[in-house]
Amino acid sequence: MEEARGRVHKYGDNIDTDVIIPARYLNSSDPAELAAHCMVDIDPEFAGRVQQGDIIVGGENFGCGSSREHAPIAIKASGVSCVIAATFARIFYRNAINIGLPILESPEASRAIADGDEVEVDFQSGTIRDITTGEEFRAHPFPEFIRRIIDAGGLLASLREEA
Amino acid sequence: MGMTMTQKILADHAGLPEVKAGQLINARLDMVLANDITGPVSIKEFDKAGFDGVFDKSKISLVMDHFVPNKDIKSAEQCKTCRTFAKRFGIDHFYDAGEMGIEHALLPEKGIVASGEAIIGADSHTCTYGALGAFSTGVGSTDLCAGMASGMAWFKVPSALRFELTGKMPPFVSGKDVILHIIGMIGVDGALYKSMEFCGDGISNLSMDDRLTICNMAIEAGAKNGIFPVDDITREYMKGRVDRPYKEYSADPDAEYEKTYTIDLSTLRPTVSFPHLPENTRTIDEAKGVKIDQVVIGSCTNGRISDMRAAAEILKGRHKAAGIRVIVIPATQSIYKQCIHEGLIDIFIDAGCVVSTPTCGPCLGGYMGILADGEKCVSTTNRNFVGRMGAVTSEVYLASPQVAAASAVTGEITSPEDL
């Protein structure tokens, strides 16, 4: 996990896991199948439009609601390289880290970045650059503890390393 | 500096004399829980990681409650995955169709969770067990997998908000109205990453079912957990259910809270959350008159015996309004049986209701009550997000069993006081 670059899909506050992946699709845990329905209730064209490397930008409380890990799995399997939001709901935050979907908290970036902008993220420094507007933002960096999990390749891999 | 009740439980489970908000800890778990939706993802990860055993077969619960009895072939496969796993490792608390109930009603009822314990569940409403004075929180499938293998989970120690409840709820106001009122006041991210600790002389007027409902929806304010102190009501509830020693914790007098809210329970009104967020609350007086197509009474939030009794009291000798569907779901087999013994099922069926075996089905738009385009539902469940119960254009209004039952009679959102 070094950097990400892609076109932005922008959403508002309180994007819940029910709109990220509605429960009617939870009879499967296949990432590709989940990706095919990602965001369908809020943005039906998302699955057809999203390109490998694209970035999702949300507002406050992104990923609120259910604990379904299917939500970050669906986003990751869609090819999304990073989610930036003002704040994340806590279970979604944990789940994203645990499955290796990079997420960054930046209220400033969340406000300023527009839909369709080209954005570059440097995970080491926590720098978010909006190439379209030239603006730059700093995200809250991950605490050391979390970085160790991500560097190991997720929670289960880090658990194996410790064993 | 003193610790909150949550912090004391976490410190003990991390083997530390003291913890502070923001500190990262590794805590020992007393129970880990998954269901037929989140379990298969955990099990897939478990097999992929190559773990050859679970940490303790008596401290894992697998409850088949979301799409059970199976709604389709894929759901059946998911249950099969859980069933095979449970058999392979001899999981003590595996509940399949026939024995299962909605997980967050079932575990307290069977004494599988108790005061002072640390519990994670791959279901966001795992925070329910805070009603018993436990630390209990929802996680995803990967955390759950790690929990099943190691019996441990990492946590960032939460800061806390204190809710001082005073007085006594008036008639037709219940625990559901208390928590909807609070979510309306602080918002769906008002307690993000934090504990919600309840205290005050008003809690002695709250039944265990009220407390379970209140803690159940702590997640709807973004909280990590909700928690009640342990008192005689808690001890009475656990008597005959919990057969192992349990520990009672209480917050230090000098514990630090980010904010204290005081709520006089006697001033509360029946409360309804309008679409599409639980924070969009209105008192019944501002909510009356919305025409509805369906009513759901049940779920991990409001499917307990006192909820069934409250609904039946209103529906007794009455009939649902023409043209609407009313679905009643007792949350566990034992609640279902109690409803039969007390004659509540007769009341429901005579009133024109569907009565179902326990399932989470309609709450999350899985099955057993999906809404069509533009339909409106008054539901005692916990979420009213876009498309939660069916079509993207459908609407869910969250309310208590009393308001739901009264609305079933008239076909529009109605106060039970007006019948």
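So that the names make sense, note that chain A is the first sequence line, chain B the second, and so on, each numbered from 1.
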| Is there any residue in residues 139-149 of chain B with a non-hydrogen atom under 4.5 Å from a non-hydrogen atom of chain A, and which ones are they? | B:Val139, B:Gly140, B:Ser141, B:Thr142, B:Asp143, B:Cys145, B:Ala146

With the side chain counted from C-beta on, respond yes when [X] and [Y] share a heavy-atom pair under 4.5 Å apart, and no when they do not.
{"X": "B:Lys194", "Y": "A:Arg90", "result": "no"}
{"X": "B:Phe51", "Y": "A:Leu156", "result": "yes"}
{"X": "B:Tyr367", "Y": "A:Arg24", "result": "no"}
{"X": "A:Thr17", "Y": "B:Phe385", "result": "no"}
{"X": "B:Ile219", "Y": "A:Ile91", "result": "yes"}
{"X": "A:His70", "Y": "B:Val41", "result": "yes"}

From [X] [atom1] over to [Y] [atom2], what is the distance, rounded to the nearest 0.5 angstrom?
{"X": "B:Thr137", "Y": "A:Arg94", "atom1": "OG1", "atom2": "CZ", "value": "7.5 Å"}
{"X": "B:Ser75", "Y": "A:Asn27", "atom1": "OG", "atom2": "CG", "value": "5.0 Å"}
{"X": "B:Lys74", "Y": "A:Tyr25", "atom1": "NZ", "atom2": "OH", "value": "10.0 Å"}
{"X": "B:Arg383", "Y": "A:Cys64", "atom1": "CZ", "atom2": "SG", "value": "8.0 Å"}

| request: Could you check which of A:Ser66, A:Ala71, A:Ala89 has the highest count of heavy-atom pairs closer than 4.5 Å to chain B? | output: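 Heavy-atom pair counts peak at A:Ser66.
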
| message | At a heavy-atom distance under 4.5 Å, which candidate from A:Asn95, A:Thr87, A:Asp18 has the highest pair count against chain B? | response | A:Asp18

Can you tell which part of [X] gets under 4.5 Å to a heavy atom of chain A, answering side chain, backbone, both or neither?
{"X": "B:Phe67", "answer": "side chain"}
{"X": "B:Leu192", "answer": "side chain"}
{"X": "B:Asp72", "answer": "side chain"}

| task | Go through B:Pro40, B:Gly387, B:Gly222, B:Ala49 and name the one with the most non-hydrogen pairs under 4.5 angstrom from chain A. | result | B:Ala49

| note | Ranking B:Ile73, B:Leu24, B:Thr38 by heavy-atom pairs under 4.5 Å to chain A gives rank one to B:Leu24

| message | Can a donor-acceptor pair be found, under 3.5 Å and without considering hydrogens, that links the side chain of B:Arg388 to the backbone of A:Pro22? | response | no

| said: Main chain of A:Leu26, side chain of B:Gln78: is a donor-acceptor contact present, judged purely on distance under 3.5 Å? | reply: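 Indeed, once roles are kept as given, a pair shorter than 3.5 Å links the two residues.
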
| task | Could you pull out the closest heavy-atom pair between B:Ala122 and A:Ser67, with the gap in Å? | result | C-OG, 3.4 Å

| task | Side chain from CB out, backbone as N, CA, C, O: work out which of these in A:Phe88 comes under 4.5 Å of a heavy atom of chain B, or both, or neither. | result |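 For A:Phe88, heavy atoms of backbone and side chain both lie under 4.5 Å from chain B.
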
| field | Region of A:Ile42 in contact with chain B, defined by heavy-atom distances below 4.5 Å | value | neither

| said: Going by salt bridge (charged side-chain N to carboxylate O under 4.0 Å, His left out), name the residues that satisfy it together with A:Glu135, two or more places apart in sequence or in a different chain. | reply: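 Not a single residue meets the salt bridge (charged side-chain N to carboxylate O under 4.0 Å, His left out) criterion with A:Glu135.
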
| request: Decide if atom CG of B:Asp52 counts as having more than 12 heavy atoms of other residues, nucleotides or ligands within a radius under 6.0 Å. | output: no

| task | Please name the residue in the list A:Asn14, A:Asp16, A:Asp13 that meets the side-chain contact (heavy atoms from CB on, under 4.5 Å) test with B:Val188. | result |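 Filter result, single survivor: A:Asn14.
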
